[in-house]
Amino acid sequence: MHRSIRALTLLLALLLFLLMTTITTNASTLSIGENELYVSFLNIPDGEATLIQTSEGKNFLINTGSKDSRIELWEQLKELHVNQLEGLILTNQTDEYCGNMKQILENFDVKQVYYANSEKQLFTANSNKTMWNKDDEIKLGNAFNIHVLQTNTFGEMTFTIEYGENSILYMSVNDTNSDEGLESYDLKSEIIKIVDYGQSNSPSSKLLHEMDPHISIVFNQKSGTPNRDLMERLNESWIDVYQLKQVGTTIIRLNLSDYEIIS
């Protein structure tokens, strides 16, 4: 009897190990096919970091997280075989968004830094800097474009990531009237990255109704928790809420006409 229980325990332990190994290595074994784009929303302890990988072998990192997230950021970039960046995109110039910028520039081959209009000058040793402004449309790859919708003098920036027929709304501007400004674009983004770690009251019910997204992404911030009313609003709108602290790194594969969550 004891032998049977022991054997069953060992078998369960082996199955659990194999499951955890599959989950851990899933991100590191990405195989990007032709006409595909991978967007990885990285689960880090504090701040935002999103990696975009193209079928042409280009890597773009949106934000770097805070200094408290450096180890976790490095580990995930290593798992995803990133050693060079075609572009580093900053949607905010506070520590939670660009706390590891200096180290990224020192340790990775970064070809270009993109940032928003700001009253303060972006401090970086990288001379290849490009400022994006409202309504700029930037082609970064085959069928891969960025459309800048909003910027402000604090260096915040909201844009859409567009690939074929797919659209991801990447919200970072948190002004009083930012939702009203977005309503004028008649957005139809399937995926929305929620602004300010879900701690504000944006996006509004009206914007969600007009845009009708399927998925929302909420990053982590150590110093706060998501707004309960906003989380309820997202759920009541039949939008799947991916709080990275709960679900972990979320990887989305896009082709020219559709998308799939693979992790």
Side-chain angles (χ1 to χ4, degrees), residues 24-33 36-116 118 120-132 136 138-142 144-146 148 155-157 159 161 163 168 170 172 193 217 219-222 244 248-254 262-263:
T24 303
T25 57
N26 188 39
S28 61
T29 56
L30 295 180
S31 178
I32 304 175
E36 287 186 343
L37 188 80
Y38 278 61
V39 181
S40 302
F41 298 95
L42 305 181
N43 177 33
I44 54 178
D46 189 45
E48 287 190 12
T50 300
L51 181 68
I52 301 176
Q53 297 176 285
T54 75
S55 57
E56 300 104 315
K58 296 179 180 179
N59 301 312
F60 296 86
L61 183 65
I62 305 176
N63 301 319
T64 72
S66 77
K67 295 175 182 177
D68 291 339
S69 298
R70 187 171 302 160
I71 293 175
E72 290 80 3
L73 176 64
W74 251 242
E75 288 176 349
Q76 293 193 64
L77 291 178
K78 182 179 179 181
E79 285 183 4
L80 293 164
H81 305 293
V82 177
N83 50 42
Q84 66 82 31
L85 292 169
E86 191 74 18
L88 172 61
I89 303 170
L90 303 176
T91 67
N92 193 305
Q93 294 182 33
T94 58
D95 180 69
E96 293 89 353
Y97 297 85
C98 60
N100 297 304
M101 179 182 69
K102 182 175 182 291
Q103 289 72 25
I104 288 286
L105 295 175
E106 289 174 350
N107 292 277
F108 292 82
D109 176 19
V110 181
K111 294 186 178 180
Q112 192 80 24
V113 178
Y114 303 102
Y115 65 103
S118 173
K120 63 178 182 179
Q121 186 170 351
L122 181 68
F123 178 76
T124 167
N126 190 307
S127 59
N128 297 320
K129 296 180 290 187
T130 299
M131 186 174 71
W132 287 349
D136 282 352
I138 304 98
K139 182 176 178 61
L140 295 178
N142 179 32
F144 169 34
N145 303 286
I146 297 286
V148 181
E156 296 174 340
M157 173 167 52
F159 51 69
I161 301 167
Y163 188 71
I168 300 174
Y170 207 98
S172 290
K193 194 282 294 181
I217 304 291
F219 279 96
N220 313 317
Q221 187 184 41
K222 284 185 175 180
L244 301 186
T249 291
T250 298
I251 303 176
I252 301 178
R253 175 172 58 204
L254 299 89
I262 63 172
S263 173

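Since this is a predicted model, take the numbers as computed values, not measurements.
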Centroid-centroid distance, Phe60 to Tyr114, less than 6.0 Å:
no
Side chains of Ile161 and Ile146: does their closest heavy-atom pair fall under 4.5 Å?
yes
Supply the atom-to-atom distance Ile252 CD1 to Tyr38 OH, rounded to the nearest 0.5 angstrom.
12.0 Å
Kindly indicate, with the supporting measurements, whether the criterion side-chain contact (heavy atoms from CB on, under 4.5 Å) is fulfilled by Tyr170 and Ile89.
CA-CA 12 Å; Tyr170 207 98; Ile89 303 170; over 6 Å; no
Side chain to side chain contact (heavy atoms under 4.5 Å, CB included) involving Ser55 - partner list, sequence neighbours excluded:
Ile32
side-chain contact (heavy atoms from CB on, under 4.5 Å) between Ile217 and Thr50, worked out
CA-CA 11 Å; Ile217 304 291; Thr50 300; over 6 Å; no
Qualifying residues under salt bridge (Lys or Arg N to Asp or Glu O under 4.0 Å), relative to Lys67, sequence neighbours excluded:
none
Partners meeting salt bridge (Lys or Arg N to Asp or Glu O under 4.0 Å) with Glu86 (sequence neighbours left out)
Lys111
Taking the side chain as every heavy atom from C-beta outward, state whether Asn59 and Leu61 have any pair of such atoms under 4.5 Å apart.
no
Pairs in or reaching into residues 54-65: which pass salt bridge (Lys or Arg N to Asp or Glu O under 4.0 Å), with residues at least two apart or in two chains?
none
Ignoring hydrogens and geometry beyond distance, is a side-chain donor-acceptor pair present between Tyr97 and Ser172 at under 3.5 Å?
no
How long is the gap from OG1 on Thr91 to CE on Met157, to the nearest 0.5 Å?
6.5 Å
For Glu96, which residues count as a salt bridge (Lys or Arg N to Asp or Glu O under 4.0 Å) partner, sequence neighbours excluded?
none
side-chain contact (heavy atoms from CB on, under 4.5 Å) with Leu42: of Asn63, Ile251, Thr64, Leu73, only one passes, and it is Leu73
Residues passing the side-chain hydrogen bond (donor to acceptor under 3.5 Å, both in side chains) test with Glu72, sequence neighbours excluded, are none
Distance in Å, Asp109 CG paired with Asn83 CG, rounded so as to fall on 0.5 Å steps
8.0 Å
Relative to the ring of Trp132, is the ring of Phe159 parallel (under 30°), tilted (30 to 60°) or perpendicular (over 60°)?
perpendicular
Pairwise distance CD(Glu79) to CG(Leu51) - rounded to 0.5 angstrom:
12.0 Å
Hey, could you give me the CE/CG distance between Met131 and Leu90, rounded to the nearest 0.5 Å?
13.5 Å
Exercise: do Ser40 and Gln53 side chains pair donor with acceptor under 3.5 Å
no
Lys139 vs Phe144, test: side-chain contact (heavy atoms from CB on, under 4.5 Å). Steps then yes/no.
CA-CA 6 Å; Lys139 182 176 178 61; Phe144 169 34; over 6 Å; no
Any donor-acceptor pair under 3.5 Å from Asp136 side chain to Val148 backbone
no
State, with a plain yes or no, whether a side-chain heavy atom of Gln84 is found less than 4.5 Å away from one of Phe108.
no
For the pair Ser69 (side chain) and Asp46 (backbone), establish whether a donor and an acceptor sit closer than 3.5 Å, ignoring hydrogens and angles.
yes
Roughly how far, to the nearest 0.5 Å, is CG of Asn100 from CD1 of Ile44?
7.5 Å
Does the side chain of Phe219 come within less than 4.5 Å of Lys193's, by heavy atoms?
yes
Passes side-chain contact (heavy atoms from CB on, under 4.5 Å), Tyr163 versus Thr54? Steps please.
CA-CA 10 Å; Tyr163 188 71; Thr54 75; over 6 Å; no
